[in-house]
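Presented below is the structure to which this report refers.
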Amino acid sequence: MRTALVLLLLVALAAVAGSLVPQVGVADARIAATFRDHPLRARIFDQLGLFDVYGSWWFTVLYVLLLVSLGACLLPRTRAFVRNLRTKPVPARELDGMRHYAELTVPVGPDHAILGARRVLRRRLFRVNGPNGRPAIAADKGLARELGSLLFHWSFFLLLIGIVWGKGTGFTGRAVIVEGQRWVETHANYDGTLREGRFFGEDHTGAQVLVRDFQVTYRPTGQPEDFVTRATISRADGSEARDVAIRVNEPAEFDGVRYYQFGYGWAPVVQARGGGKLIASEPIVCTQDPSPEGVSPLQLPWNCVLKLPSLDPQVGVTFELWPDSRGLVSLLQTGTAMPMFGEYAPVMSYTVYEGDLRSELVQQAGVLDTTAMREVDRGVIGAGDTVSIAEGVSMTFSDLRRYTVLEVARDRGLWIVFAAAILVLAGLLPALYTSRRKLWVTAEADGGGAVLKVGGFALQRRQQFEEEFSKLVTRLERASREGERVDA
Amino acid sequence: MSAASWARISTDAFTVAFFALLAGMLAAFYHLAFRRRTVWAVSVALAIAGDAALLVSLVARGAAAGRIPLGNMYEYSIALAFLVVLAYLVFVEGVARVHTLGGFVLGFAVLTMAVAALFLDVGPGPLVPALNSYWRQIHVTSMIVSSSLLSLGCVLTILYLIKDRRERREAMPAIAGGSVDVDPRSEDLPHDLVAASDEPEARVVRRRGLLPSAATLDRLAYRMIAFAFPIWTFGIITGAMWAERAWGRYWGWDPKETWSFVTWVVFAGYLHARATSGWRGRRAAVIALVGFASLLITYYAVNLWIVGLHSYAGV
């Protein structure tokens, strides 16, 4: 048990390291900052796997060792417990040496007295052995303690297994879906946010998620009050279509995959025409920089990028979107932007670049690589406006929509984990609050009656047993008197 | 009544509670030193009054914000102080009838309130959507209840270590004489019996009686922690269930989650140590103190200094 406990403590310490060092997938920006500012420290941390504690090989090793050692100490304990269940309480001599001891003289014979004692103890749920030929019984109580302890530990074992199985066969990822768009649950559509378990079999559901609309409501303070994504989810072939409303704390489930409300933002629809042809018409997903101290995100514009690789030379446009143009106006007039709660005559300021988009390199989404480009134009475009951005190329800001970000996850171990957690609790209570008690009673003939000797002890909660013991002795005395009446 | 006047009632009640508990603490320490029964009665009365004022403050805050007042660190702190004092009144004064520990417990409550007033105070207001769930009441309530019991257990553990050290030092010559068995656990007498034992010399009584016996303190501390541990476990489980609903995973090694797990492991270690011979007493007590340090980190440091999903729980 001690090994398992030490291993558990090591897991906890690893988790502490994970809470202090920025983790992959949680704080990527801070990891990058560490590499920039403290390259040596970053390299050491990286080598030790400290940036991905929970995915590192040594964390897995710890976890497996914990499982093995826990199992290895529970198996013999369980066997011993089953053996203990089968064996009867063992007789003892020299009761007067026990922690609790009492003698009482009763007016019935030893055999009757001992049968009376047996009745009393049985009624109080003691296991009783005897009398076997001579007037003596051995009794014990409180197997629930070990049973509870075993239940607790086995459930904890099950919980650990459930976690591994659920995470191992599952996945999590993020889906960015603009209002009116249909998103399909397959590997390719997660844009690199997908994290798959070790034993994941690439069995994505292929479910279709059509986002009908996304709404966010704010309090006057700018604090969000409610987000809701209304969507229709169906199988790949369109069957089983179901309308759902996904809110924070209210995920939707479809074919074993859950969809949680995670984030949201603005997506302007920009149509670009070149040489008389429509060369771009998709909504562009805009993101926001983290807001500085004291500034609400509602006061900040949104940034996005349009790339037109089919033109020669290639063209890229960066946008700064103000969903409510009064935000931009108030910023220019007073220096402080008014919070933008919703859409109101949206405008975008844009910068046009010409040159090489360097598409052959891996490009970060939403960022324009301008190393091989030069700025050719700047301007402001309002909703519905069309502007010329290059020779023979025009751009129309035709619509502004919202997009929603859904966290998509499958965890088949969920129910095992929660069932095990409840069993952990169920085992914990008897393991902590019951105690193992042992008691012996012998009777010797004494004149017309008998002398009862009662001895016993508790392995836990000794103070409570003191009281229980004296009550038991009183009860034994009374019972033997009742026995006398029966005799008469 | 308007939200503003509720908020004012809450602040006023907080102030009343603070000074009542502070005065109660001073009275309790005076009783500890000079053994005046009337002073003890005054300290308990002040503790009851202060605790009632804390409850008023908490309820008024809930009325001001229009929700259950367990939404941010300031409110947790009020609830924690309230429950610590309540647990002390019920278990230590009521059930165990130990009358010398009030000063330490009230001191802890006063400290918690001072930290809340100085560093954590934010006005009452509504919560962000993720906190808007009935899981919040269940999860936060169980975390606060178990934190208060664990805190009380750790105050008792510190006192146990102090008292145990003194008892050992006093027992030293007796061991040399070979006449006294100094297993502190063998002394199961309630403290009042010890103090009232008919030893003629006042000096001896004073030396023994400033605090309950080490064994009593140890047992009280153990009971508090053993009581709190399943509630802490329950709190973690309900937190996981809520996290699953709100964030799409039941466990994500968020700093708050991590530290609540560390605290759980350390107190699990404490309970195992208590069941292992050779680890009872001082060694187990040290583990409990490590657990308490971890609890403080879980409770304060994670929100104040480490960025995580729980950061928006106000401060």
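FYI, side chains are in, hydrogens and waters are out, and symmetry mates aren't considered; it's all heavy atoms of this structure. The sequence lines fix the lettering, A, B, ..., with proteins before strands; numbering per chain opens at 1.
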Nearest heavy-atom pair of A:Lys167 and B:Trp251: which atoms, and what distance?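 Smallest heavy-atom distance, with atoms named: NZ-O, 4.0 Å.
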
Over all atoms of both residues, closest heavy-atom pair of B:Ala226 and A:Leu432: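 What the structure gives for the nearest pair is O-CD1, 3.5 Å.
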
Portion of [X] that has a non-hydrogen atom of chain B nearer than 4.5 angstrom:
X	value
A:Tyr433	side chain
A:Arg247	neither
A:Val53	neither
A:Val408	neither
A:Ala421	both
A:Gln460	neither
A:Leu9	both
A:Ile163	both
A:Leu428	side chain

Would the B:Trp264 and A:Phe156 ring centres measure less than 6.0 Å apart?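 Centroid separation for B:Trp264 and A:Phe156: below 6.0 Å.
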
Quick one: does A:Tyr260's side chain have a donor or acceptor within less than 3.5 Å of a partner on B:Arg249's backbone?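 Checking the backbone N and O of B:Arg249 against the side chain of A:Tyr260, no donor-acceptor pair under 3.5 Å is found.
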
Per-residue contacts, residues 143-152 of chain B versus chain A, heavy atoms under 4.5 Å: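 So far as heavy atoms go, nothing in residues 143-152 of chain B approaches chain A to under 4.5 Å.
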
When you compare the side chain of A:Phe262 with that of B:Trp247, does any pair of heavy atoms fall below 4.5 Å? no

For A:Ser19 and B:Trp259, does a side-chain donor sit closer than 3.5 Å to a side-chain acceptor? yes

